[in-house]
Amino acid sequence: MLFIVGGREQGKALKEEVESRGVPAWYVELWGNYIVVTPPHARVEGLKTPVKAVVELKTELQLVSREWKRDPTPVWIGDREVREGRIFIIAGPCSVETEEQILKAARFVKNAGADALRGGAYKPRTSPYTFQGLGEAGLELLAKAREETGLPITTELMDPEDMPLVAKYADAIQVGARNMQNFTLLKKLGRAGKPVLLKRGFGNTIEEWLLAAEYIALHGNGDVVLVERGIRTFDKTLRFTLDVGAIAYVKQHTHLPVIGDPSHPAGDRRYVIPLALAILAAGADGIIVEVHPDPDRAWSDAKQQLTFDQFTELVQKARELAKALGRASS
Ligand code: PEP
Ligand code: MN
């Protein structure tokens, strides 16, 4: 249950009162509300601490559910807002490789209309023998690219121990598909003080994905952007199966922003633009797409990264589509 109270003092008092009845309780300040949260089916009645409203939801999804918070939640990434009604574009290479590469990419995507720069410094690679990312040196190069272009930066955090370091540089922290159910990481991100891009695990249901967002919110961080990036199905023709239905569903059932990644499900740059447009048409609030100055020579995901010309084409088409859908794009 969610108990909405009038302020921090009441919140703390209520949490103590609930816990004194043997029921676990969390106190969070999210989206302008002071909230005491208990497990959905816990029964606590006759409380003395004054409460403004009690929200009883029948499922494990509470904080992130649109059933009680009807208005969409905007999330700021640096000085740019991901929000319903407009299209947010995050673009950049799969991995940060060299200063020249990331600066070239940053300048180009900025001029072409991107809202934020992406680039992995810690890479979750299937084989331990492939490029693993530059680590802190990569974060420094991202910061340099931000300084030069003004674009906020998003990058993946893999190891919970690296959180302070990644949070120091990143404007938004990406949770990779392979870590979506790393609950230690999710809990820690509750205290990151930075927005989180939560990628859907490729073997995870929509409910598991939303529960991962619930973990981050319950531990104190309400700035979560959900990212659909394709799932594993019986069909192996493309790298993953983009689940556009999930985007339509999640937009209606959660108040959090939802964006899509067309690059990883496509696995091949020839299919990225149509998938990106499908993501937006399904109702997503934006895209995160891989773009590289020389994609064939990229150190990771070479086949799927867009050329600069393709990115220009994508932005133009996304803007036309946004207009047709009655949404704004920068
Ligand atoms: C990435 O964004 O480069 C990446 C590794 O994505 P995912 O976690 O979705 O595979
Ligand atoms: Mn990649």
Side-chain angles (χ1 to χ4, degrees), residues 77 88-97 101-102 105 109 114 116-128 130-135 138-139 142 153-159 162 166 170-182 185-186 189 195-204 206 208-209 212-213 224-233 238-244 246-247 250 258-269 271-272 275-276 279 284 286-307 310-311:
I77 297 182
F88 195 94
I89 301 177
I90 305 171
C94 178
S95 308
V96 181
E97 299 166 3
Q101 172 247 15
I102 194 67
V109 300
L117 174 71
R118 64 150 286 151
Y122 297 91
K123 295 304 301 176
R125 303 305 302 281
T126 301
S127 163
T130 53
F131 177 57
Q132 305 285 303
L134 296 179
L139 297 174
L142 282 168
I153 55 181
T154 75
T155 196
E156 179 163 350
L157 168 65
M158 283 172 61
D159 184 337
D162 292 329
V166 173
D171 295 292
I173 302 175
Q174 180 175 321
V175 175
R178 291 153 189 84
N179 259 322
M180 190 207 83
Q181 284 191 314
N182 181 337
L185 184 64
L186 299 178
L189 284 164
V196 176
L197 302 182
L198 180 62
K199 287 203 145 186
R200 178 182 179 186
F202 46 72
N204 288 110
I206 294 171
E208 287 164 345
W209 182 29
V224 180
V225 177
L226 294 157
V227 188
E228 161 60 34
R229 49 78 74 214
I231 53 173
R232 283 248 159 91
T233 66
L238 280 85
R239 191 173 176 196
F240 294 95
T241 301
L242 176 70
D243 189 358
V244 278
I247 295 170
V250 166
V258 183
I259 66 171
D261 170 349
S263 305
H264 292 84
D268 181 322
R269 71 181 65 91
Y271 312 119
V272 170
L275 292 192
I279 285 166
I287 51 172
I288 176 165
V289 62
E290 290 184 345
V291 181
H292 192 287
D294 186 2
D296 282 330
R297 291 216 182 84
W299 298 0
S300 61
D301 286 348
K303 270 173 67 185
Q304 73 197 27
Q305 302 203 55
L306 293 184
T307 62
Q310 283 178 310
F311 183 64

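Order of listing sets the numbers, starting from 1, for every ligand and every atom in it.
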Heavy-atom cut-off of under 4.0 Å around ligand 1: list whichever protein residues fall inside it, by chain and number.
C94, R118, K123, P124, Q174, G176, A177, R178, K199, R229, H264, E290
Side chain to side chain donor-acceptor pair (under 3.5 Å) involving N204 - partner list, sequence neighbours excluded
Q181, E208
Run R239 and Q304 through side-chain hydrogen bond (donor to acceptor under 3.5 Å, both in side chains) and show every step you take.
CA-CA 10 Å; R239 191 173 176 196; Q304 73 197 27; 2.7 Å; yes
Passing candidate, side chain to side chain contact (heavy atoms under 4.5 Å, CB included) with S95, options Q132, Q101, K123
K123
Considering only heavy atoms from C-beta outward, does the side chain of L242 approach that of E228 to under 4.5 Å?
yes
Within less than 2.8 Å of the Mn ion (ligand 2): protein N, O or S atom count:
4
With a 4.5 Å heavy-atom cut-off, do D171 and T154 have their side chains touching?
no
M180 versus L198: any side-chain heavy-atom pair under 4.5 Å?
yes
Could you walk me through whether H292 and D301 pass side-chain hydrogen bond (donor to acceptor under 3.5 Å, both in side chains), step by step?
CA-CA 10 Å; H292 192 287; D301 286 348; over 6 Å; no
Hey, does I247 have a side-chain heavy atom less than 4.5 Å from the side chain of I259?
no
Test of understanding: with ring pair (Phe, Tyr, Trp, His ring centres under 6.0 Å), list the residues that count as partners of F240, not counting sequence neighbours.
F202
